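Please read these numbers as outputs of a predicted model, since none were measured by experiment.
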Amino acid sequence: VSVTARLEGVDLGTGVAAVQKAVRDLKLPASIRVVYGGTYREQQRSFHDLLTVLLLALVLVFLVLLFEFGTFSAPIAILSSAILSTSGVFVALLVTGITFNISSFMGLIMVVGIVAKNGILLLDADQKFRAAGFSAEEAMVQAGRRRLRPIAMTALAAAAGMLPLALALGAGAQMLQPLAIAVIGGILISMVLSLIITPAVHLYLTRERS
C-alpha cells in the first residue's frame with residue numbers, strides 16, 4: 001500500500017518536520033509506505049540540481065584558475081578560502097532565523113564566485129612582488145597590504161547592494177531575502193578568510209613544491 005502525502009501550502013521550514021514526526025508517531029506497519037510529494041518533492045529535486053551546479057562551478061573555477069596561474073597551488077588556495085567562506089552563509093541564516101532553502105543555496109553558489117575573485121586579486125599581486133625579487137613571505141605580506149582595500153571595498157559594496165533585499169524592502173523582496181542574507185554572510189566572512197586562508201595555503205604549497 002502506498003500513501004502519498006501532498007504538502008501543498010505547508011511551511012517547508014517547519015511543516016515537513018512536524019508531518020514526519022506525526023507519521024512516525026502513528027507507528028504504521030511495514031506494509032504502508034509514506035511518500036512526501038508536492039512542493040516538498042520539488043524542493044528536494046531542486047536541491048539535488050543545485051548541488052550538481054555547485055560541484056560544476058567548483059570544477060570550472062578550478063580549471064580557470066589553473067589556466068590563469070599555471071600551478072595547482074593557487075586554485076587549491078583560492079578554493080579552500082571559498083569553501084570555508086560558505087560557513088558565513090549558514091551563520092547568517094542561523095542568526096536571522098531564515099531556513100536554508102533554494103534561494104539561499106543560490107546565494108551560497110554566488111559566494112564561491114565572489115571569494116574566488118578576491119583570491120585572484122591577492123595571488124596576482126603576490127606573483128608581481130615575487131617577480132620583483134621579494135621573498136615568498138614578504139611578497140605575500142605586501143600583496144595582502146596592497147589588496148586589502150580593493151577586497152574590503154568590493155565586499156562591502158556588494159553587501160550594501162544586497163541590504164535592501166535582506167531587509168525585505170519592496171514588493172517581492174521576501175522571495176529573495178534568503179539569497180541576500182546568504183550572500184552578505186558569506187561576503188563578510190570572506191574578507192577575513194581571503195586574507196588569511198588563501199595566503200597561508202598558497203605559501204605552504206609553494207614551500208612544499210620548492
Same apolar cluster (I L V M F W Y, side chains within < 4.5 Å links), L60/M110: no

Atom pair OG1 (T198) and CG (L79), whose distance is rounded to the nearest 0.5 Å: 9.0 Å

F105 to L54 - nearest heavy-atom pair and separation: CE2-CD2, 4.0 Å

Hydrophobic cluster identity match, I151 and I114, side-chain contacts under 4.5 Å: no

Cluster link V64 to F62, ILVMFWY, side chain under 4.5 Å: no

Non-hydrogen side-chain atoms of V115 and L193 separated by less than 4.5 Å: no

Between CE on residue M140 and CG on residue L195, distance to nearest 0.5 Å: 10.5 Å

Nearest heavy-atom neighbours spanning I76 and S80: O-OG, 2.6 Å

Backbone of A166 reached by a side-chain donor or acceptor of Q177 within 3.5 Å: yes

S85 side-chain N/O to G186 backbone N/O, donor-acceptor pair under 3.5 Å: no

Any L122 side-chain heavy atom under 4.5 Å of P199 side chain: yes

Straight-line distance of L121 CG to D126 CG, nearest 0.5 Å: 12.5 Å

Identified side-chain contact (heavy atoms from CB on, under 4.5 Å) counterpart of S73 within the set V201, L205, L123: L205

Verdict with reasoning, D49 to T52, per side chain to side chain donor-acceptor pair (under 3.5 Å): CA-CA 5 Å; D49 293 340; T52 303; 5.4 Å; no

Side chain to side chain, E137 and V141, heavy atoms closer than 4.5 Å: no

M191 atom CE: more than 12 heavy-atom contacts under 6.0 Å: yes

V89 to L108 - nearest heavy-atom pair and separation: CG2-CA, 4.2 Å

I98 CD1 to L179 CG distance, which is reported to the nearest 0.5 Å: 12.0 Å

Flag, side chain of T206 to backbone of L203, donor-acceptor distance under 3.5 Å: yes

Donor-acceptor contact present, side-chain S81 to main-chain I78, <3.5 Å: no

same_hphob_cluster(L167, L94) at 4.5 Å side-chain heavy-atom cutoff: no

I187 CD1 to N118 CG distance, which is reported to the nearest 0.5 Å: 8.5 Å

Parallel, tilted or perpendicular, as decided by the 30° and 60° cut-offs, for the rings of F134 and F129: perpendicular

Approximate separation, where rounding is to 0.5 Å, of Q142 CD and S135 OG: 9.5 Å

In one Ile/Leu/Val/Met/Phe/Trp/Tyr side-chain cluster, 4.5 Å: L56, I109: no

